[in-house]
Amino acid sequence: MIAPKIIRRLQSVLPPDCLLLATEDLKPFETDGLTAFRNIPDVVALPETENQVKSILRICHESGTPIVFRGAGTGVSGGALPVDGAVLLAMTRFNRILSIDPLARLARVQPGVRNLAISEAAAPFNLYYAPDPSSQIACTIGGNVAENSGGVHCLKYGLTVHNVLSIRVLTIEGDELVIGSEALDSPGYDLLALLTGSEGMLAVTLEVTVKLLPKPERTQVVLAAFDDIGKGGAAVGAVIAGGVLPAGLEMMDRLAVEAAEAYAHAGYPLNAKAILLVEVDGTQEEVSEDVMRVREILLAAGATEVRTARDEAEQKKFWAGRKAAFPAVGRLAPDYYCMDGTIPRKSLPDVLKRMAALSEQHALPVANVFHAGDGNLHPLILYDANRPGEWEKAERFGADILELCVAHGGSITGEHGVGIEKINQMCVQFGSAELGAFHGIKACFDPDGLLNPGKAVPTLHRCAEYGAMHVRGGKLPFAELPRF
Amino acid sequence: MQTQLADSLKDTPEGREADRILRTCVHCGFCLATCPTYQILGDELDSPRGRIYLMKQMLEGAAVTNRTLTHLDRCLTCRNCETTCPSGVEYGKLLDIGRKLAESKVARPLSQQLQRKALATMLPQKKLFGGLLKLGRMAKPFLPATLSLKIPPSPLSRQGREAITPHARKMLVLAGCVQPALAPQINEAATRVLDGIGISLIEAENAGCCGALSFHLNFQEQGLEAMRRNIDAWWPHVQAGAEAIMMTASGCGVTVKEYGHHLRHDSRYAEKAARISALTRDVSEVLLSEEAALRGWLARRGPRESSRVSFHAPCTLQHGQKITGVVEALLTVAGHTIMPVSESNLCCGSAGTYSLLEPDISSKLRDRKLGHLSAPQPDVIATANIGCLTHLQSGTPIPVRHWVELL
């Protein structure tokens, strides 16, 4: 509960339609893209000006009220899940593109601007913004910065952190910081890299300057079908080992293909056990050469069919299916739980086999859609939230998948962030020394722990409790901490 | 999405349908991106996902106030979200259920009740509306701008109507409610073009408003009555061999195509309604399937002046009926140049009676749309629905026409 006194202070700085207080209005904000986690916020603020944001931060700082930030609410790790007694601050009304400089190839935008809207605005200059999460039609750039979002094209063009030049942020004290510059490097500690992906734990973003890239002269998409998912996995490594760096290299298994085809009518082969989508871009000559090489490699890796998109329209269809694959899976089951682990590419065939075994063990189907090129898995566990106990089963299955990734030398998140969802797996990924370093950084920016509390970085006590249940190889993790 | 419908609803046909639709939503948020009211207002409660959640909690038995009703009222029913939704959520059908339920639980202020009743009564009656329009033209200088700008000048005297020869091929055409008074030239143009390709159009005597106006104002029973009346008016012609029921207003077209859905629980009409829906085609669909004949007629007729055209695809055409690119192709065949228009997926803010009930949001959307339509400096703006046509014309000196008039 937030004290009435604090509500009155918020009311004094915000017009009535910028502050939601009635339960009826609040419930729709109880969750983001990860609906398994829900918590009705105490209050939702929808500020319209930077001064209003500053005032909200000051009020919260002075009164010790926590804040959770929210963009379009498309995140799938529960990063924007409301916290008890906190203000949920949505930045969606900051949706203006401030300027586009086609010569310097950069765009200055407010945090509520949609990822795709940047590329649309830059299109007349033949430029685009490269990171393209599947939710790019809706997700905001502020959210992309908070989660260090990736996407199909990150294999070649990098994650959000590689495509942002500078950000202007507010600290919990309401102080403004400008981090980074229009130059490619700036002196001092690399705070830009630190804040990108900090999941709303360190500051709130007011403005983002992003790099724009010239659209490649030509792109081509090759679709390959496999009769065995392991062969598809091995083909991914073969493409990269063959010296081609595709702009995107994606894999979908049979279930995912079925769902995506129902939405996009892309002409995917429905009888394949797995398909790969390989996009190459560059000059005319480079693309022609790469397409030939990719086709040879895929056929040698056992592809049953290799198809090159006939024209731009077909390329778009190939991608439309892939980009909508997550929600399209909503056609196969009432609910799905989307995982986000990474593994070294060479482990793909083995991990996929183990995952199929886990699927049988937990008696829940899994659809696989992933950025195969950089080993970023997105298994979608299908379940029915209306059946008692099924979500808990899905959650356990998910935890097993993430720990499988760590066991193969990978990590528990590729691009979706830790949020609330993977907080326990952070204890599997890191030891107390590393977590201690994270806590030190958090304390520098937010000593009272008011920004997005309980997310992204677990307390050592939380890890001790989780670890107590997960004794591995006879070793008790975090043994130095008291158990309770 | 997890659901737990209230006991009083969960075993009703509407409750079951609502539950089925809600459970296809995975809360991904893609729909926020293409929702016009969310673009303008930036509050998730004015987005499809927010409204779905508001309806969900109402259906689950939570207390409802005017807030929920207001957010549902603000929806344009453009169904852009349905085009965007990868999970196939039938938002429009859920909204019909949600609006009816909300209205049964929340009392509207009397002024709103009167305004909505008046619109639902007057607009669908061809003669009454025609008479009022005449009065309106006389009183135009004294009316508020939201209304007076919507009143077009009297159509030009009908010159040079060629004698129409009867053809063996016949199709029904809907005159509609407000279109005959506001823009009779649209159906005249359609009749001329169809005559050119060897098809006679028939207007059935007793057919009138398609039912959309009252239905979307939540006088759902009155809307259903209009649907039954049209079915009765068309049925003898259908039995006599009319090939199709052709629509020159996409707003009516999307509704008639859903008669089968709306009347599915009406044992007397369900079957006929389904047949009528199956026979219903937009004028663009008819001409696309008769493309060879159309080309022949255009060649015989000889070239006309070609225009630079900005085309506004009504939501009821592109999202409701999922017809995209057809009108543009037909206009190109007729020798016009189609100009590129950005944000072509967004609503113009007309949305039936919406422009009268929510004038602020509506005029913001209109101005945004007109900005995009006029950017490429067209000679004419074309559209496919009478509502969009008068709404857009109220904000621009560039002529706005039904595209069939340009053939």
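FYI, side chains are in, hydrogens and waters are out, and symmetry mates aren't considered; it's all heavy atoms of this structure. In what follows, chains are A, B, ... by sequence order, proteins preceding strands, each numbered from 1.
Neither the backbone nor the side chain of R51(B) comes within less than 4.5 Å of any heavy atom in chain A. With a 4.5 angstrom heavy-atom cutoff, L332(A) does not touch chain B via any of its atoms. Contacts of S134(A) with chain B are made by backbone atoms alone, with heavy-atom separations under 4.5 Å and no side-chain atom involved. Using a 4.5 Å cut-off between heavy atoms, E30(A) touches chain B through its side chain atoms alone. Only the side chain of F29(A) comes within contact range of chain B, with heavy atoms under 4.5 Å apart. Contacts of L46(A) with chain B are made by side-chain atoms alone, with heavy-atom separations under 4.5 Å and no backbone atom involved. With a 4.5 angstrom heavy-atom cutoff, T35(A) touches chain B only via side-chain atoms. Residue contact with chain B, scored on non-hydrogen atoms closer than 4.5 Å, is absent for F326(A).
Residue-environment remark: NZ (K316(A)) stays at or below the threshold of 12 foreign heavy atoms within 6.0 Å. For R387(A), the CZ atom is loosely surrounded, since the number of other residues' heavy atoms within 6.0 Å does not exceed 12. Residue R20(B) places its CZ atom among more than 12 non-hydrogen atoms of other residues, nucleotides or ligands, all under 6.0 Å distant. Within a 6.0 Å sphere centred on CD of Q4(B), heavy atoms belonging to other residues, nucleotides or ligands number 12 at most. No more than 12 heavy atoms of other residues, nucleotides or ligands sit less than 6.0 Å from atom CD of E312(A). Around NZ of K100(B), the count of heavy atoms belonging to other residues, nucleotides or ligands within 6.0 Å does not exceed 12.
No donor-acceptor distance shorter than 3.5 angstrom exists from the side chain of R67(B) to the backbone of A22(A), with no hydrogens or angles considered.
Note: Y38(B) OH to N95(A) CG = 8.0 Å, rounded to the nearest 0.5 Å. Separating the CG atom in L26(A) from the CD atom in Q57(B) is a distance of 9.5 Å, to the nearest 0.5 Å. If you take CD on Q39(B) and OG1 on T92(A), they are separated by 10.5 Å, rounding to the nearest 0.5 Å. The distance from the CG atom of D32(A) to the NE2 atom of H27(B) is 8.0 Å, given to the nearest 0.5 Å.
Contacts with chain A were tallied for V89(B), T65(B), L54(B); T65(B) has the most, counting heavy-atom pairs under 4.5 Å. Among G29(B), A63(B), P86(B), the residue making the largest number of heavy-atom pairs under 4.5 Å with chain A is P86(B). The candidate from L45(B), L22(B), T34(B) with the greatest count of non-hydrogen atom pairs under 4.5 Å with chain A is L45(B). Your options are S342(B), C85(B), C25(B), and the one with the most heavy-atom pairs under 4.5 Å with chain A is C85(B). Chain B forms the most heavy-atom pairs under 4.5 Å with one residue out of A138(A), P327(A), A324(A), and that residue is P327(A). For the set L32(B), T24(B), L41(B), the entry with the most heavy-atom pairs within less than 4.5 Å of chain A is L41(B). Of all the listed residues (R331(A), R38(A), E120(A), Q136(A)), the one sharing the greatest number of non-hydrogen pairs under 4.5 Å with chain B is R331(A).
Judged purely by distance below 3.5 Å, without hydrogens or angles, the side chains of T68(B) and E24(A) pair a donor atom with an acceptor atom.
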Please walk me through it: do T84(B) and I137(A) pass side chain to side chain contact (heavy atoms under 4.5 Å, CB included)? CA-CA 9 Å; T84(B) 310; I137(A) 185 173; 3.7 Å; yes
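Here the side chains of N386(A) and T3(B) are in contact, with some heavy-atom distance below 4.5 Å.
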